[in-house]
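Inspection log for the structure reproduced underneath, given as structure tokens.
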Amino acid sequence: MNITLIISAVVLVSAIGAVLGVIIGVIAKKFAVEVDPKIEIVDELLPGANCGGCGFAGCADFAKALVENRTEPNKCPVCDSNAIAQIAGELGQSATEKEKIVAVVLCGGSNSHTKGNVKYNGVLDCKSANNIQGIKGCSYGCLGYASCARACPFDAIEIKDGLAIVHPHLCVGCGKCVATCPRTLIKMVPEKASVHVFCASPEKGPLKRKVCTVSCIGCTKCTKVEGEEGTVKMVGTLAEVNYDNPPTENIVDAAKCPTKCLSNRHWKQLRK
Amino acid sequence: MNKIKTFLFPGGEPIHQGEELSNNIEIKEAPLLDSYKLQIAQNIGAPPKLLVKKGDEIKKGQLIAEAGGFISANLHSPTSGKIKIIDKKYIEIMPDGKDTWESPFAPIENWINSDIETLKTRVGAAGIVGMGGAGFPTIVKLSPPSNTKIDFLIINAAECEPYLTADNRLMLEETKKLLTGTAICAKILNVTKIYIGIESNKEEAIKLLNEKAGEHKIKIVSLPVRYPQGSEKHLIYSLTGRKVPCGALPSASGCVVQNVGTVVAIAEAVCEGKPLIERITTITGNCVVNPGNWKLKLGTTFEDALKLAGGVKYNPGKLIAGGPMMGVAQKCLDATICKNTSGILLLDKEQVSQYTSNPCIRCGKCVDVCPMNLMPGSLSCFIENEDFEHAEDLHVMDCIACGTCAYVCPSNRPLVQHFVRGKSEVLANRKK
């Protein structure tokens with residue numbers, strides 16, 4: 001074994017390492033990209049869920065946009081008012097109040113409330129099931145194959161008895177679920193609107209009754225409640241809540257909806 | 001017999017069963033029923049525009065909806081009576097029982113000497129669409145782009161779907177109309193090479209057509225029993241060795257393919273002045289009391305059609321509109337006969353045993369049988385994980401949804417359903 005060979009190899013490799021290290025050090029100093037330290041601070045304050053609800057490609061992109069003054073802190077649907085105030089303080093802005101919006105699935109037809117259901121063992125995905133008109137009698141209702149629940153980054157959607165239910169306290173209103181529903185049943189509504197018409201079928205009343213016991217049959221009772229004028233309007237044979245002027249919870253008892261299709265958030269309990 | 005060289009397409013499976021149920025029974029004419037529920041959109045492309053309103057008195061053969069674009073087809077009334085209900089999808093007709101005929105156009109007796117434009121206008125006016133299943137307006141097929149030359153007219157008599165025998169019976173009973181219709185198509189397209197491709201198990205029809213086809217210079221070609229022989233692209237390959245390019249129409253390879261039922265409808269429209277208002281449909285299945293072929297008016301509900309066939313012996317497991325391979329399962333008997341409903345099939349509970357879909361085991365059986373040379377297994381995995389860009393790279397758009405892959409899959413994967421979704425997503429992405 002030639003000892004000088006080993007020593008020369010070690011020296012050579014060390015020399016190459018030293019030279020390259022110097023080059024890298026110089027380049028890193030000379031071509032350094034200036035990053036606003038604020039971006040990092042704001043990014044830390046954001047929830048980091050990357051839900052895309054703000055319209056940017058994730059939280060880091062949103063933080064950059066915030067610092068560059070291209071958007072406002074209240075565009076983040078996940079942050080509560082405290083976090084928004086903190087971010088606004090960091091940016092030297094005054095925090096603006098935002099109205100929290102949540103998703104709601106406008107269908108009440110769980111498996112036990114619908115008729116004409118058939119056996120289905122195809123692809124367990126709403127869009128695939130919708131291509132063959134689904135399995136429930138109603139061709140407008142929730143399919144119940146959880147495409148929306150899988151898309152939700154906050155686990156706010158639960159499938160119960162073949163029906164998607166949004167838990168409003170978990171929902172942050174990012175709106176990711178809206179596009180996943182092939183029957184466009186998911187609507188983003190202000191959180192303060194607690195009463196909804198859980199039906200989206202434009203069919204005529206008797207036809208809806210044939211396939212579902214909790215559909216809106218178009219009796220118009222809810223549109224005539226005293227003190228709640230203009231809060232619920234009829235669109236064809238279907239009652240629709242006017243979310244610009246939502247009804248109060250009193251309407252549920254006063255309207256006496258014959259199918260309990262018009263109900264408030266606690267409608268699960270009401271149905272029991 | 002013929003001396004034409006035939007080609008064997010890759011993949012495919014020799015699937016045939018259930019034809020014996022209805023193969024030897026003559027076509028029966030359905031009596032006038034109490035009501036008809038006519039579907040408005042019966043063709044691929046734009047739905048036709050309605051010309052009538054609720055309460056109108058209509059005559060049999062009257063034009064009730066006009067083609068709403070280039071790829072669209074007229075719709076005529078199947079009987080005389082009053083329009084009871086019109087909703088988004090259906091027109092309900094209350095027949096008056098008289099079946100008063102009002103022909104929208106006169107028969108062209110001397111079609112051999114009439115000019116091509118007259119014949120083409122007639123085919124368009126009669127609302128004829130591809131009756132094999134696709135529902136593609138025939139007039140579009142008969143008007144190829146001016147820069148393509150059509151060399152071959154192929155009549156699709158393969159009828160490769162198991163259980164269905166409507167085309168076979170039509171060939172046996174309406175041979176003359178079939179040959180006349182073929183000659184009309186050939187005149188419109190100005191072609192001299194005319195083939196009728198038949199699967200070799202329809203011996204009777206091959207014999208009969210060979211006897212009568214001589215005067216029309218039509219060649220009858222017997223093809224091996226191999227699903228999907230009746231697919232447009234595969235029939236062209238089998239007969240001519242030409243391949244249709246990806247995403248192109250068959251006219252790009254110089255061929256026009258017409259179904260037997262379509263050709264008969266063309267003959268009726270030209271020689272008898274009759275629009276497309278009825279079709280031959282196979283009503284079959286082990287549990288049907290009298291399986292067979294019926295001449296049904298468009299708008300006959302499946303319920304009425306099944307009553308004509310004597311009802312069922314026992315409860316079926318599945319109701320399918322069309323054949324078992326490519327047909328669409330139905331939820332109830334509310335569906336109606338459309339221009340492209342080739343069959344009503346009731347399968348037994350044992351035949352549709354409920355299965356669960358398992359993960360792909362990469363056995364490659366689907367790759368072996370895919371007649372389009374795709375990789376169904378990998379494709380289905382991409383689509384399952386919503387990776388539609390990869391699926392497009394693997395040519396999901398070339399899938400013809402024949403169902404052979406799902407038929408052989410040992411993991412019981414609903415492959416075709418994946419592809420149908422994949423195709424619709426890719427199309428939606430392209431539009432963006």
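Convention: sequence-line order gives letters A, B, ...; per-chain numbering from 1. On a predicted model such as this, the values are computed, not experimentally measured, just so you know.
- Proximity to chain A is limited to the side chain of B:Lys88, based on heavy atoms less than 4.5 angstrom apart.
- A:Lys115 places none of its side-chain heavy atoms less than 4.5 Å from the side chain of A:Lys210.
- Ring orientation note: the planes of B:His390 and B:Phe382 are close to parallel, at an angle under 30° on the 30°/60° scale.
- Using a 4.5 Å cut-off between heavy atoms, B:Glu386 contacts chain A through its side chain alone, with no backbone atom that close.
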Original post:
Would A:Asn131 and B:Arg421 count as a side-chain hydrogen bond (donor to acceptor under 3.5 Å, both in side chains) if you check the C-alpha gap in whole Å, the side-chain angles of each, and the deciding distance to 0.1 Å?
Top reply: CA-CA 7 Å; A:Asn131 280 340; B:Arg421 165 151 192 235; over 6 Å; no
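- Only the side chain of B:Glu425 comes within contact range of chain A, with at least one heavy atom under 4.5 Å from a heavy atom of that chain.
- Minimum interatomic distance between B:Ile383 and B:Gly422 (heavy atoms only, all atoms of both residues): CD1-CA, 3.9 Å.
- In this structure, chain B has no heavy atom under 4.5 Å from any part of A:Pro182.
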